[in-house]
Novice: 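Take this structure, written in structure tokens, and hold onto it; I'll ask about it next.
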Amino acid sequence: MARAVAMCAVVAVVVAAMMVVPSAAAARAMAPAHQKCDVGKLIDCRPAVIGGKPPSDSCCSNLKAQKWCFCQYLKDPNYSHYINSPNAGKTLDSCGIRFPICLL
């Protein structure tokens, strides 16, 4: 009996977690239809992400415009180390952007 109750509790937690964290397909569906990911537009963020300098206004603006693309960039080995760097997190914080939760 106790085992059945424990199993029900585990199932309930898993279902609740699935409802809170959107799937990758759902995240893409929530992205604006006109959104195009262009990592080249983030070049303004290079001094902040690589050098740890405060982000410029244009950097923050471009990050906000491409926040739907972060998970895509995380999957790309050419960009993932930049997104995962400590300075990237600081840059996002400075721009008022939450670090994405991605299902990879």
Side-chain angles (χ1 to χ4, degrees):
M1 178 73 163
R3 189 173 186 181
V5 170
M7 182 59 79
C8 287
V10 169
V11 169
V13 169
V14 169
V15 169
M18 289 173 60
M19 293 174 70
V20 173
V21 179
S23 69
R28 282 190 299 273
M30 291 187 300
H34 65 278
Q35 179 64 46
K36 293 189 179 173
C37 298
D38 182 0
V39 76
K41 291 186 177 180
L42 299 180
I43 196 74
D44 291 342
C45 297
R46 187 175 182 164
V49 173
I50 294 176
K53 299 184 184 215
S56 66
D57 290 341
S58 62
C59 169
C60 289
S61 176
N62 287 333
L63 283 172
K64 288 176 184 174
Q66 292 203 44
K67 66 183 174 183
W68 301 105
C69 301
F70 294 160
C71 291
Q72 178 181 327
Y73 297 151
L74 275 169
K75 292 179 187 177
D76 188 323
N78 294 312
Y79 307 121
S80 62
H81 61 283
Y82 294 112
I83 300 290
N84 285 321
S85 74
N87 286 337
K90 292 176 188 175
T91 301
L92 291 175
D93 283 343
S94 294
C95 294
I97 302 169
R98 290 182 16 191
F99 197 83
I101 298 173
C102 306
L103 301 174
L104 302 175

Novice: Between Leu63 and Ile43, is there a shared hydrophobic cluster once you connect ILVMFWY residues whose side-chain heavy atoms come closer than 4.5 Å?
Specialist: no
Novice: So which heavy atom on Leu42 is nearest to which on Tyr73, and how close?
Specialist: CD1-CE1, 3.7 Å
Novice: State the NZ-SG distance between Lys41 and Cys69, to the nearest 0.5 angstrom.
Specialist: 10.0 Å
Novice: What heavy-atom pair brings Gln72 and Cys37 nearest, and what distance separates the two atoms?
Specialist: OE1-SG, 3.4 Å
Novice: Applying side-chain hydrogen bond (donor to acceptor under 3.5 Å, both in side chains), which residue pairs with at least one partner in residues 77-94 are found, sequence neighbours left out?
Specialist: Asp76-Asn78
Novice: Give me the atom names and distance for the closest heavy-atom approach of Lys64 to Ile97.
Specialist: CG-CD1, 3.5 Å
Novice: Are Leu92 and Val39 connected into the same hydrophobic cluster when the rule is that any two of I, L, V, M, F, W, Y join if their side-chain heavy atoms are below 4.5 Å apart?
Specialist: yes
Novice: Got a list of side-chain donor-acceptor pairs under 3.5 Å for residues 45-56, not counting sequence neighbours?
Specialist:
unit_1, atom_1, unit_2, atom_2, d
Ser56, OG, Ser58, OG, 3.1
Ser56, OG, Cys59, N, 3.1

